[in-house]
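What follows is a short report on a single structure.
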Amino acid sequence: MKNKKVVFSEAWKVEVLQDNHFNPKLSANEVLLKKRYTLISPGTELACLSGNESWFSMPTVPGYSAVSEIIETGIDVKDFNVGDVVFHYGTHSEYEVAKVDGVFLKVPDGIDLTWVPFVRMATVAMTSIRVSNIELGDMVMVTGLGLIGNMASQLAALQGASVIGIDLSQQRLEIARECGVEHVLAGNADVKEKVRGITTDRGVSTLIEATGVPSVSLDHVSSVGKYGEVILLGSPRGACEANVTDLLNRIHLNDLGCISFKGAHEWRYPLMPDVFVKHSLVRNSRIVFKLMQQKKIKIEPLISHILLPDEAPSAYEGLRNKKDEYSGVLYKWQ
């Protein structure tokens with residue numbers, strides 16, 4: 001069997017390779033999958049491609065969100081059959097062997113298969129809502145309207161908030177409008193004044209920082225109202241020099257807001273449902289599927305490209321240097 005795969009071979013080098021001798025042996029609870037679509041996670045995968053992520057060694061096949069068809073099952077697999085189409089945390093390869101536990105879910109009826117890999121983006125974003133104090137009628141600001149920030153904006157609105165979305169890219173702002181974000185603002189010099197106007201000088205109750213650029217949360221913390229919160233959704237990367245005393249005083253002093261900072265890394269919740277923990281990645285994934293079925297979240301505006309795997313080098317080049325053109329990039333494997 002031949003298995004095509006996208007490989008990060010070294011920093012900023014993407015190759016499409018083919019294993020001509022792929023002959024997997026399944027263990028009892030494993031299945032062999034043939035991919036339908038995989039989705040690039042721009043923030044994580046570009047960080048890995050840069051060579052600056054210590055946990056990601058090269059050469060490696062990247063990717064972590066896929067929809068696939070089961071073509072063979074292990075002898076102990078009972079709940080899945082050949083021909084089932086499933087969502088799982090899969091890599092950018094044509095075939096893959098996977099265990100049937102964890103986030104490994106049959107795709108419900110009525111969902112476009114190009115939407116399915118976006119479940120992972122939505123559950124990443126959902127963590128910011130889970131850890132927040134967002135309630136009906138709150139004002140929420142989201143900085144960074146890429147896939148994760150856009151999803152966080154949509155989910156915050158479903159939570160009952162009025163959302164202000166901020167980004168430097170006009171295309172991302174337009175996509176956010178298509179997805180129903182109430183207020184979209186370009187991240188220019190007068191954005192803080194506009195936020196004050198929208199919030200009638202009260203500030204937002206929650207700031208969800210989705211860019212991962214450390215200076216962004218520092219720049220916008222002054223837009224957070226008293227006893228508000230800053231949710232770190234995007235993984236902070238890169239150096240940043242700042243007056244730490246000023247930041248700590250905003251957290252500590254009543255007159256400066258007593259603002260809380262919270263981390264929203266997706267892995268703070270368990271993989272599988274647990275009677276002692278309300279939330280899990282499996283539960284969150286099932287909730288997103290239901291939202292998709294009910295058309296309560298919008299996916300179609302997020303898809304900018306559906307490419308063949310052979311186009312992988314241009315896909316990452318576009319995501320890196322043409323952010324107004326490339327956003328949600330899927331590989332089509334059939």
Side-chain angles (χ1 to χ4, degrees), residues 39-45 47-48 53 55 63-66 87-89 102-105 115-136 138 140-161 163-167 176 179 181 204-214 216-217 220-221 224 228-237 259-274 276-292 296-299 302 328:
L39 174 66
I40 296 177
S41 174
T44 299
E45 292 188 39
C48 292
E53 295 293 288
W55 59 270
Y64 62 40
S65 187
F87 163 65
H88 63 109
Y89 290 180
V103 181
F104 192 91
L105 304 171
W115 295 8
V116 174
F118 286 87
V119 172
R120 182 76 186 271
M121 302 297 107
T123 58
V124 169
M126 191 181 290
T127 311
S128 66
I129 310 303
R130 296 295 197 208
V131 304
S132 76
N133 294 321
I134 297 171
E135 296 178 341
L136 183 67
D138 283 352
V140 173
M141 181 164 68
V142 179
T143 49
L145 295 174
L147 299 184
I148 302 298
N150 184 296
M151 288 288 192
S153 300
Q154 293 192 56
L155 293 170
L158 288 175
Q159 191 85 349
V163 179
I164 304 170
I166 297 174
D167 203 285
C179 291
V181 178
V204 298
S205 56
T206 301
L207 163 60
I208 298 174
E209 205 304 286
T211 69
V213 178
V216 174
S217 56
H220 290 284
V221 69
V224 180
E229 58 187 1
V230 177
I231 311 295
L232 300 178
L233 176 57
S235 296
R237 294 183 174 98
I259 294 166
S260 300
F261 274 67
K262 300 177 181 178
H265 192 238
E266 66 173 322
W267 292 103
R268 70 176 292 146
Y269 293 118
L271 187 66
M272 301 294 293
D274 187 308
F276 298 104
V277 182
K278 181 178 182 180
H279 306 303
S280 68
L281 298 182
V282 167
R283 178 173 186 257
N284 288 347
S285 299
R286 288 176 173 152
I287 290 170
V288 173
F289 272 137
K290 182 173 289 188
L291 294 174
M292 286 179 171
K296 288 185 176 180
I297 57 174
K298 295 185 178 180
I299 303 299
L302 299 174

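Heads up: numbering here begins at 1 and tracks the sequence. Atoms considered below: every heavy atom in the structure, side chains included; atoms not considered: hydrogens, waters and symmetry mates.
- Atom CG of D274 is separated from atom OG of S280 by 8.5 Å, given to the nearest 0.5 angstrom.
- Once rounded to the nearest 0.5 Å, the distance linking OG of S132 with CG of L207 reads 11.5 Å.
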Practice task
Applying side-chain contact (heavy atoms from CB on, under 4.5 Å), run through Y64 and L39 and close with a yes or a no.
Solution key: CA-CA 8 Å; Y64 62 40; L39 174 66; over 6 Å; no
Handout entry: Trace of the side-chain contact (heavy atoms from CB on, under 4.5 Å) decision for V142 with I164
Key = CA-CA 6 Å; V142 179; I164 304 170; over 6 Å; no
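- Using the six-membered ring where Trp is involved, H88 and F104 have ring planes that are tilted, between 30° and 60° apart.
- The shortest side-chain heavy-atom distance between K278 and R283 falls under the 4.5 Å cut-off.
- If you take SG on C179 and CE on M151, they are separated by 8.0 Å, rounding to the nearest 0.5 Å.
- Residues I287 and T123 form no side-chain contact, since every pair of their non-hydrogen atoms from C-beta on lies 4.5 Å or further apart.
- Checked by atom type and distance alone, the side chain of D167 pairs as donor or acceptor with a backbone atom of L145 at under 3.5 Å.
- Between F261 and I231 the shortest side-chain heavy-atom distance does not fall below 4.5 Å.
- In this structure, K262 contributes its side chain and L232 its backbone to no donor-acceptor pair below 3.5 Å.
- In this structure, G63 and E45 approach most closely via the heavy-atom pair CA-OE2, 3.6 Å.
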Handout entry: Derivation and outcome, side-chain contact (heavy atoms from CB on, under 4.5 Å), residues K296 and L158
Key = CA-CA 8 Å; K296 288 185 176 180; L158 288 175; 4.3 Å; yes
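- Side-chain contact between N150 and L302 is present, with heavy atoms from C-beta onward closer than 4.5 Å.
- Note that the CD1 atom of I134 and the OG atom of S205 stand 7.0 Å from one another [nearest 0.5 Å].
- Of all heavy-atom pairs spanning G144 and T211, the tightest one is CA-CG2, 3.5 Å.
- For the residue pair G102 and L271, the shortest heavy atom distance occurs at CA-CD2, 3.6 Å.
- Smallest separation of non-hydrogen atoms from I297 and Q154: CA-OE1, 3.4 Å.
- Atom CD1 of I148 is separated from atom CE of M121 by 5.0 Å, given to the nearest 0.5 angstrom.
- With sequence neighbours left out, E53 forms a salt bridge (charged side-chain N to carboxylate O under 4.0 Å, His left out) with R237.
- A donor-acceptor pair shorter than 3.5 Å cannot be found between the side chains of E266 and T127.
- With contacts defined as side-chain heavy-atom distances shorter than 4.5 Å, the pair V181/V163 qualifies.
- Taking the centre and axis of the six-membered ring of Y269, the NZ or CZ atom of R130 falls outside the cone set by 45° and 6.0 Å.
- At distances below 3.5 Å, not a single donor-acceptor pair connects side-chain atoms of E135 with backbone N or O atoms of D138.
- You'll find the side chain of S65 stays beyond 4.5 Å of the side chain of F118, heavy atoms only.
- Contact record, I208 with S128: CD1-OG, 3.8 Å, taken as the closest heavy-atom pair.
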Practice task
Start with the C-alpha gap between T206 and E229, add the side-chain angles, then the distance that decides, and say whether side chain to side chain donor-acceptor pair (under 3.5 Å) holds.
Solution key: CA-CA 5 Å; T206 301; E229 58 187 1; 2.7 Å; yes
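- Between L233 and E209 the shortest side-chain heavy-atom distance does not fall below 4.5 Å.
- T44 contributes no side-chain N or O that, together with a main-chain N or O of S41, makes up a donor-acceptor pair within less than 3.5 Å.
- In plain terms, the two heavy atoms of L147 and P42 that are nearest each other are CD1-CD, 3.9 Å.
- The shortest side-chain heavy-atom distance between I299 and M292 falls under the 4.5 Å cut-off.
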